[in-house]
Amino acid sequence: MPSNSSHTDSAFGPTAFWLAAGFILAGLGTVLLGPILPILLPQWHLTDAQGGDLIAAKFIGAFLGGVTVLPRLRFALLTGCVLCCCGFGSFALSHSLLPAAIALFVGGLGLGQLIASTNILAGRRYRAHTGSALASLNTFWSLGAVLTGVLAAALLPRFGMRNPVVSFAALFIVVGLGGLLNTAHSHKPGTTSTISAPTALPHLIFLKFALFLFLYGGLETCLANWITTYTLRFSDAHFVAGQSALVLLWVALTCGRALSAAILRWMRESTLQRIGLAAAGALIVALCFTSNTGRISVICILLGLSLAPFFPSTFALLIRNNPSAREAGVILAVSGLGAALFPWMMGVISTHTGSLRNAMTVPFALALGLLFLSFWHVSSEAPEPLPQPTA
């Protein structure tokens, strides 16, 4: 009979504090280009399609980073932090498209390692109310995304891009070393000390969750990377006010994920997922028919609340099927492919049609596709239990 030591190690890694700190930085890194693109495109004389190339480079790196996540998750976290430091630090020193794309690719590799290993470790460590635990953890990722827009509005007009981004890159080393030196086991309240060994996922289950994350990675990244540029072009907002759309989107996502952690204790993951996707599709249509800054802000808040439950609920459903760390890493990494492809597609559509508004058909189609996919039930999939109220 195989020993449990290797599997126990899959729930061993940085303490919750360092996991949360790493996720704040991961949130900052994931949406970093969104607030910067309105400055970068005219400064470097780039088209929307070339802006999409930069987004694609980062998320192709994130895909490869997630696919190659190291089996020992605490070392994967450190590797991810080192790559993020090198990649984003090099991006801050770039002056043109090609070196910037290479630097963002390296930073994306680090993000892929960091995000995949953190989610897998947390899913293994907190087996009771997995969806709630992951929603709580991903609240910190969303907090980092919120800070991106706030810091961009406060720092970029005054200090430019280089110094703030270099300082941000250096923080990854601090978090990586802190997590390596401060570790925790899974034997704590709300966790379990015995976890069944993972088994290979049936092909249809693997395909279903890979499609989920592929499409959702594209949906969230389309909105996060183009909403600031969209607001500046189709409203009377100036640069600082234009950042408010992104900030409000991520504030709502952060609050929504905190709220989802509570709701998922009494509502099924799939039910909350479908409600949010249906609302998101309707809100994207509404966004295309308004040019009022105030209305755009309200729509961004509602979009964030609608999308908030999707990732933690989906990953909780995946963990219930007990995938191996490599399988879960690949499925998470596929979201990086969607995040690379669909925002790039928006840039191409915008450049060739002359309007970023036309490109909003991409996130709308993604929301509808996810909603339809949520009704696909694979017979061998682990049943979704009825939520049990807690005292």
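Here, residue 1 is the first one in the sequence, and each next residue gets the next number. Reckoned from all heavy atoms, side chains included, excluding hydrogens, waters and symmetry mates.
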S.K.: Are any side-chain N or O atoms of Gln50 and backbone N or O atoms of Thr47, one a donor and one an acceptor, separated by less than 3.5 Å?
M.R.: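 Yes, Gln50 side chain to Thr47 backbone: donor-acceptor pair under 3.5 Å.
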S.K.: Has Trp344 got more than 12 heavy atoms of other residues, nucleotides or ligands less than 6.0 Å from its CH2?
M.R.: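 No, CH2 of Trp344 has 12 or fewer neighbouring heavy atoms, counting only those of other groups under 6.0 Å.
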S.K.: Taking the side chain from Thr351 and the backbone from Ala49, do they hold a donor-acceptor pair closer than 3.5 Å?
M.R.: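 The answer is yes, because a donor-acceptor pair under 3.5 Å joins these two groups.
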S.K.: Would one find more than 12 heavy atoms of other residues, nucleotides or ligands at under 6.0 Å from atom OH of Tyr230?
M.R.: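 Yes.
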S.K.: To the nearest 0.5 Å, what is the distance between CD1 on Ile284 and CZ on Phe289?
M.R.: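 Spacing of CD1 (Ile284) from CZ (Phe289) equals 13.0 Å.
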S.K.: Does Thr221 use its side chain to pair, donor to acceptor, with the backbone of Gly217 at less than 3.5 Å?
M.R.: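 Yes; judged by distance alone, with no hydrogens or angles, the pair exists.
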S.K.: Under the criterion side chain to side chain contact (heavy atoms under 4.5 Å, CB included), which of Leu46, Leu32, Ile55 is the partner of Leu37?
M.R.: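 The single option meeting the side chain to side chain contact (heavy atoms under 4.5 Å, CB included) with Leu37 is Ile55.
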S.K.: Would you check if the distance from the ring center of Phe214 to the ring center of Phe342 is below 6.0 Å?
M.R.: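 Ring centres of Phe342 and Phe214 closer than 6.0 Å.
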S.K.: Leu19 versus Phe23: any side-chain heavy-atom pair under 4.5 Å?
M.R.: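 A side-chain contact under 4.5 Å is absent here.
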S.K.: Checking the side chain of Ser335 only, and the main-chain atoms of Ile331 only, is there a donor and an acceptor separated by less than 3.5 Å?
M.R.: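 No; zero donor-acceptor contacts below 3.5 Å.
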S.K.: Between the main-chain N or O of Gly107 and the side-chain N or O of Lys58, is there a donor-acceptor pair closer than 3.5 Å?
M.R.: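 Between the backbone of Gly107 and the side chain of Lys58 there is no qualifying donor-acceptor contact (under 3.5 Å).
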S.K.: State whether the side chain of Trp44 and the backbone N or O of Leu97 hold a donor-acceptor pair below 3.5 Å, judged by distance alone.
M.R.: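 Not confirmed, Trp44 side chain does not pair with Leu97 backbone.
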S.K.: Return the orientation label for the Phe209 and Phe212 ring planes: parallel under 30°, perpendicular over 60°, tilted otherwise.
M.R.: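 Taking Phe212 first and then Phe209, their aromatic rings sit tilted (interplane angle of 30° to 60°).
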S.K.: Name all pairs fulfilling the salt bridge (Lys or Arg N to Asp or Glu O under 4.0 Å) condition that reach into residues 211-228, sequence neighbours left out, sorted by first residue then second.
M.R.: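 Found Glu220-Arg257.
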S.K.: Quick one: are Leu104 and Leu33 in side-chain contact, heavy atoms under 4.5 Å?
M.R.: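 Counting from C-beta outward, Leu104 and Leu33 do come under 4.5 Å.
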S.K.: How many angstroms lie between atom CG of Leu171 and atom SG of Cys84, to the nearest 0.5 angstrom?
M.R.: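 SG of Cys84 is found 11.5 Å from CG of Leu171.
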S.K.: Rounded to the nearest 0.5 Å, how far apart are CG of Leu93 and CZ of Arg162?
M.R.: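 Rounded to the nearest 0.5 Å, the CG-CZ separation comes out at 5.5 Å.
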S.K.: Within the 4.5 Å heavy-atom criterion, are Thr290 and Phe234 side-chain neighbours or not?
M.R.: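 No, every pair of side-chain atoms sits at 4.5 Å or beyond.
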S.K.: Without swapping roles, check the side chain of Ser374 against the backbone of Leu371 for a donor-acceptor pair under 3.5 Å.
M.R.: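 Flag set: sc Ser374 to bb Leu371 pair under 3.5 Å.
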S.K.: Quick one: are Leu54 and Leu40 in side-chain contact, heavy atoms under 4.5 Å?
M.R.: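 Sidechains of Leu40 and Leu54: in contact.
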S.K.: Between Ile24 and Trp141, is there a side-chain heavy-atom distance shorter than 4.5 Å?
M.R.: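 Not in contact.
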S.K.: Kindly say whether Ile115 contributes a backbone atom to a donor-acceptor pair with the side chain of Thr118 at under 3.5 angstrom?
M.R.: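 Checked: no pair found.
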S.K.: Just by modelled atom types, is the Phe310 backbone N or O under 3.5 Å from a matching donor or acceptor in the Ser313 side chain?
M.R.: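 Yes.
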S.K.: Is a side-chain N or O of Thr228 found less than 3.5 angstrom from the main chain of Pro35, in a donor-acceptor match?
M.R.: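 No, Thr228 side chain to Pro35 backbone: no donor-acceptor pair under 3.5 Å.
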S.K.: Nearest 0.5 angstrom please: Ser117 OG to Leu77 CG, how far?
M.R.: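 Taking OG in Ser117 and CG in Leu77, the distance rounds to 3.5 Å.
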S.K.: In Å and rounded to the nearest 0.5 Å, what is the SG to CG distance from Cys81 to Leu111?
M.R.: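 Here the rounded value is 9.5 Å.
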S.K.: Are side-chain heavy atoms of Ile301 and Leu249 found at a separation under 4.5 Å?
M.R.: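 No - every pair of side-chain heavy atoms lies 4.5 Å or more apart.
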S.K.: Atom CG of Leu272 and atom CH2 of Trp266: how far apart are they, to the nearest 0.5 Å?
M.R.: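 Leu272 atom CG to Trp266 atom CH2 measures 8.5 Å (nearest 0.5 Å).
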